[in-house]
Amino acid sequence: MNFTGSDISVIGLFGFVIVLTLVEMYFSYQHDRKLYTKRDTWTNIYLMTAAVVINLGTKTFTFFLLAYCYQFRLFQISNVWVYWLVLILAQDFLYWFLHTVGHYVRFFWAMHVTHHSSEHFNLTTGFRSTVFEPMYRVFFYLPLAFMGFTAVDILFAYLVTQIYGNLVHTQYSIKFPKWYEYIFVTPSHHRVHHASNVRYLDKNMGMVLILWDRWFGTFQAELPEDVVKYGLTTQPKDTGPVNIIFHEFIALTADVKKAPTFMDKVRYIFNPPGWSHDGSTKIAKIMQQELRDEEKKNFEALQQNKVKGLNDRGELSSTG
């Protein structure tokens, strides 16, 4: 069997991730940080395996669809350095868009939710895959083929950026230069993404570059006063192998059935998670606005108390 340079690169990078995972696991147990549990780690491996099986099943279709669209490319970049730079940047942006859709459209959230269902956060969480994503991911990457990038190069660029995305799934604090944190996704950024805190919901969608989130309003820094709580706002009670994949589809189906009108049924499918026809549940943006209003109200009350305290002290000194 002959391995190409791309094959060797991918194997080497995946090997590096596995070694780092084992190192993190070792130090977690050595220092009793409890970053890993057996059940959670096996669930991550199970979900990764399910995604790999589906990915292999759809690989031929993905490749030929990209290759077919490549025939209708609008232009071709001849300079190899510019070619790969534009491919990586464009692929990373399209991933940001794919990822954002996965958070803002409930039908896609029902598939993506598996990646967020762990209450732990470690390097194996990066392998806790969106199981059905390989079935629709290619449609988000079709613009790359029309831009003159080959199917092989598109898939290779995705694998490389995916590996970087796995590496930021860690709770270990790593200090990066400010310029790096402004441009690239860091573990701190991605800890926010996996949080169930209201402030952090639907934030930091980028895989490699955090610039997309800064530019399009989905960025949120990790704050010391709002400690990250991992998982979902409502964790599934049954975390068995079937329910962990399908629990949000079951909930979505129940909501569609109870919707009073056809348009409400459609809204349950395409509106953000948390939308309800009767307002009994709320989407993240509304909860975040309520949080900001509450914090503003508390801040104003604190300022008023400070002013009142200063006035009271002034009156006491003038009478004393």
Side-chain angles (χ1 to χ4, degrees), residues 8-55 92 95-96 98-99 102-103 112-131 133-134 137 156-176 180-181 183-197 200 203-210 213 220-222 227-232 235 239 241 244-245:
I8 294 170
S9 298
V10 171
I11 292 169
L13 288 169
F14 268 113
F16 177 64
V17 173
I18 291 170
V19 169
L20 278 183
T21 302
L22 293 174
V23 169
E24 183 188 59
M25 195 177 292
Y26 170 78
F27 280 108
S28 171
Y29 284 113
Q30 276 290 100
H31 300 148
D32 197 30
R33 293 196 61 181
K34 297 181 174 60
L35 300 182
Y36 289 81
T37 65
K38 288 182 181 178
R39 181 180 177 85
D40 185 73
T41 301
W42 280 114
T43 299
N44 294 342
I45 294 171
Y46 156 69
L47 291 171
M48 178 189 70
T49 304
V52 167
V53 170
I54 292 177
N55 198 62
D92 196 57
Y95 174 81
W96 174 88
L98 159 67
H99 199 177
H103 278 255
H112 184 57
V113 70
T114 55
H115 183 61
H116 287 265
S117 58
S118 175
E119 294 181 276
H120 301 273
F121 188 73
N122 53 61
L123 286 171
T124 66
T125 310
F127 296 106
R128 193 183 186 96
S129 302
T130 302
V131 173
E133 187 178 292
R137 182 172 56 222
F156 178 72
Y158 172 76
L159 281 173
V160 171
T161 55
Q162 182 72 46
I163 289 168
Y164 181 90
N166 283 345
L167 292 175
V168 296
H169 289 81
T170 181
Q171 291 189 52
Y172 281 93
S173 296
I174 305 171
K175 187 64 178 176
F176 293 95
Y180 189 95
E181 291 188 344
I183 297 172
F184 296 101
V185 174
T186 67
S188 177
H189 296 147
H190 209 62
R191 287 194 289 269
V192 166
H193 179 70
H194 275 263
S196 60
N197 313 47
Y200 297 149
K203 300 297 184 182
N204 301 354
M205 308 289 185
M207 175 84 83
V208 175
L209 298 178
I210 200 67
D213 294 288
Q220 173 61 55
E222 185 178 11
V227 178
V228 169
K229 181 180 183 300
Y230 299 105
L232 304 171
Q235 288 292 130
T239 57
I244 198 65
I245 295 177

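Position 1 is the first residue of the sequence, and the numbers go up from there. Hydrogens, waters and symmetry mates are skipped; everything else that's a heavy atom, side chains included, is used.
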Applying the side chain to side chain donor-acceptor pair (under 3.5 Å) test to His193, which of His115, Lys203, His116 qualifies? His116
Which residue is it: Thr41, Leu35, Asn166? I am looking for the one with a side-chain contact (heavy atoms from CB on, under 4.5 Å) to Thr124. Thr41
Taking atom types as modelled, is there a side-chain donor on Glu24 or Tyr36 under 3.5 Å from an acceptor on the other? yes
For Ser188 and Glu222, does a side-chain donor sit closer than 3.5 Å to a side-chain acceptor? yes
Applying side chain to side chain contact (heavy atoms under 4.5 Å, CB included) to Leu22 and not counting sequence neighbours gives Ile18
Less than 4.5 Å apart, any side-chain heavy atom of Ile244 and any of Ser117? yes
Quick one: does Thr125's side chain get under 4.5 Å of Asn44's, heavy atoms only? yes
The reported gap from CH2 in Trp96 to CG in Asn204 (rounded to nearest 0.5 angstrom) is 11.5 Å
Roughly how far, to the nearest 0.5 Å, is CG of Asp92 from CG of Leu209? 4.5 Å
Ring centres under 6.0 Å, that's the criterion: do Phe121 and His169 meet it? yes
So does Asn122 get a backbone contact from the side chain of Gln171, meaning a donor-acceptor N/O pair under 3.5 Å? no
Could you check whether any side-chain N or O of Ser196 sits under 3.5 Å from a backbone N or O of Lys229, counting only pairs where one atom can act as donor and the other as acceptor? yes
By the salt bridge (charged side-chain N to carboxylate O under 4.0 Å, His left out) test, which pairs, at least two apart or in different chains, include something from residues 39-50? Asp40-Arg128
